[in-house]
There are 2 protein chains.
Amino acid sequence: MSNKRDEIIATTCRLMEMQGYHATGLNQILEESGAPKGSLYYYFPEGKEALAIEAIEHTSRLIAANLRAGMAAHDHPADAITDFLQTLAHYVQTSGFQAGGPITAIALEAASTNEALNAACRDAYQDWQAIVEAKLNEGGYTAVRARRLASLVIAVIEGAIILSRTQRNVAPLLDAATEIGVLLRC
Amino acid sequence: MSNKRDEIIATTCRLMEMQGYHATGLNQILEESGAPKGSLYYYFPEGKEALAIEAIEHTSRLIAANLRAGMAAHDHPADAITDFLQTLAHYVQTSGFQAGGPITAIALEAASTNEALNAACRDAYQDWQAIVEAKLNEGGYTAVRARRLASLVIAVIEGAIILSRTQRNVAPLLDAATEIGVLLRC
DNA sequence: GTCTATAATACGATAGAC
DNA sequence: GTCTATCGTATTATAGAC
């Protein structure tokens, strides 16, 4: 696995996280990664869409690892999820509200127009949800409630990131952390 | 206020709701609205960005009206918000999972790249949140909790729409409706 | 006022030198 | 393998006929 190839993927992740799929041009990816245009089509002969899919998968694995670590850090799911949201708030703030919604922009742009990108996003969300759901099952919730709550947690993560980035303020993420903690102790 | 001008705005709303800002071309807007290119720049001499801002404001007012009607439809905030999310689920489903996140895509694309669009999205979210917050205050929650919960409700609406559209399944919206109802009765 | 034709530019993708 | 130059086609925006 080449080093420059990884750098192209990393740059694609970063730019599409900030701007989305269509707003991110291949030229910009090449400029910021330092790679020339020939290299891009050598490594990704199938073009922009294939590159975006690899970027989504890379980001998905990264978030999944963070989620797993976060869930393992506390016994009670409420503590784990609250802590995860607070850590996310810190991350969004230190990025200057540029990072945080790794695949959300692509998910929305492509939800009804691009089948391949949609599938990649769908897989990512389901992986994340399964991690949270497993933690809730361990925590003693009923199976049906664990599934519902896991879905809600992923929705809250995505939605609160959008609000925080739009408002340039981490309050939505911190508020969500607090209230989801309350809900999980009901 | 011209009729054709309104039609251009309505088409812009619809297309950007599905595809986002950058993926929606002016040519496509003109094709689908039936207006010629000359008309667009007659009505919107400041170009695409100004058109998008008017589209955001139009959508924002529409959602605000729906939210107000939804909040007034039940005495208890929990019932009102649960009902609103279920109605939203129905709307997303009947649109074939194409509609629902009216300004979310633009909010993400422009969060860190376009100040004017970002401001328009920020205003929309704050208007919606104020409507929910007022209902929660009436419902007897403390001021600080009403603010936190209103923020969470808007985040859940946005996040659950994203998941439902990506998965082509209204379960995330319906799950959110159920669990937010539980939380609001804590 | 309404429209067509077109300019200027950026895009994704490719061809071919080395 | 790595790169440069370039193609064809989108894009936004404008100029000018009627």
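Sequence lines set the chain letters: A, B, ... in the order given, protein chains first and strands last, and positions in each chain run from 1. Excluded from the calculations below are hydrogen atoms, water molecules and symmetry mates; all remaining heavy atoms, backbone and side chain alike, are included.
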- Item | For A:Arg61, salt bridge (Lys or Arg N to Asp or Glu O under 4.0 Å) partners two or more places apart | none
- Hits for salt bridge (Lys or Arg N to Asp or Glu O under 4.0 Å) against A:Glu57, two or more places apart or cross-chain, chain-then-number order -> none
- Query: Who are the salt bridge (Lys or Arg N to Asp or Glu O under 4.0 Å) partners of B:Asp83, not counting sequence neighbours?
  - Reply: none
Grab the N/O contacts between the protein and nucleotides 11-14 of chain D below 3.5 Å, and write none if there aren't any.
residue, atom, partner, partner atom, Å
D:dT11, OP2, B:Asn27, ND2, 3.1
D:dT12, OP1, B:Leu26, N, 3.2
D:dT12, OP1, B:Lys48, NZ, 3.1
D:dT12, OP2, B:Leu26, N, 2.8
D:dA13, OP2, B:Tyr41, OH, 2.8
D:dA13, OP2, B:Lys48, N, 3.1
D:dA13, O5', B:Tyr41, OH, 3.2
D:dA13, N6, B:Lys37, NZ, 3.1

- B:Glu46: side chain to side chain contact (heavy atoms under 4.5 Å, CB included) partners, not counting sequence neighbours: B:Ala50
Contacts under 3.5 angstrom, residues 136-164 of chain A side chains, donor-acceptor by atom type, not counting sequence neighbours:
residue, atom, partner, partner atom, Å
A:Asn137, ND2, A:Glu133, O, 3.3
A:Tyr141, OH, A:Leu184, O, 2.3
A:Thr142, OG1, A:Arg145, N, 3.3
A:Arg145, NE, B:Glu179, OE1, 3.3
A:Arg145, NE, B:Glu179, OE2, 3.1
A:Arg145, NH2, B:Glu179, OE1, 2.9
A:Arg147, NH1, B:Asp175, OD2, 3.1
A:Arg148, NE, B:Glu179, OE2, 3.0
A:Arg148, NH2, B:Glu179, OE2, 3.3
A:Glu158, OE1, A:Thr104, OG1, 2.2
A:Glu158, OE1, A:Tyr125, OH, 3.3
A:Ser164, OG, A:Ala160, O, 3.2
A:Ser164, OG, A:Asn169, O, 3.1
A:Ser164, OG, A:Leu173, N, 3.4

- Query: What pairs with A:Asp127 under side-chain hydrogen bond (donor to acceptor under 3.5 Å, both in side chains), at least two apart in sequence or on another chain?
  - Reply: none
Distance-only check: which donor-acceptor pairs under 3.5 Å involve side-chain atoms of residues 68-77 of chain A, not counting sequence neighbours?
residue, atom, partner, partner atom, Å
A:His76, ND1, A:Ala78, N, 2.9

- Message: Tell me if a side-chain donor or acceptor on A:Thr82 pairs with a main-chain N or O of A:Asp79 at a distance below 3.5 Å.
- Response: no
- Rounded distance (Å) that lies between atom P of D:dT2 and atom CZ of A:Phe44: 13 Å
- Task: List for me each residue that meets side chain to side chain contact (heavy atoms under 4.5 Å, CB included) alongside A:Leu30, sequence neighbours excluded, and say none if there are none.
- Result: A:Ala35, A:Lys37, A:Leu40
- Would you mind reading off the distance between A:Tyr42 atom OH and C:dA15 atom C1', rounded to a whole angstrom? 17 Å
- Task: Report yes if a side-chain nitrogen or oxygen of A:Ser39 is closer than 4.0 Å to either non-bridging phosphate oxygen (OP1 or OP2) of D:dC3; otherwise report no.
- Result: yes
- Message: Please list, in numerical order, the residues of residues 103-118 of chain B that have a heavy atom closer than 4.0 Å to any atom of DNA chain D.
- Response: none
- Message: So, OP1 or OP2 of C:dG1: does either fall under 4.0 Å of a side-chain N or O from B:Tyr43?
- Response: no
Short N/O separations, protein against nucleotides 16-18 of chain C, under 3.5 angstrom:
none

- Does B:Arg168 pair with A:Glu115 as a salt bridge, N-O distance under 4.0 Å? yes
- Item | Protein-nucleotide distance (A:Leu30, atom CG; C:dA13, atom P), rounded to Å | 12 Å
- Query: Among all residues two or more places apart in sequence or in another chain, which pass the side chain to side chain contact (heavy atoms under 4.5 Å, CB included) test with B:Ala116?
  - Reply: B:Glu49, B:Ile53, B:Asn114
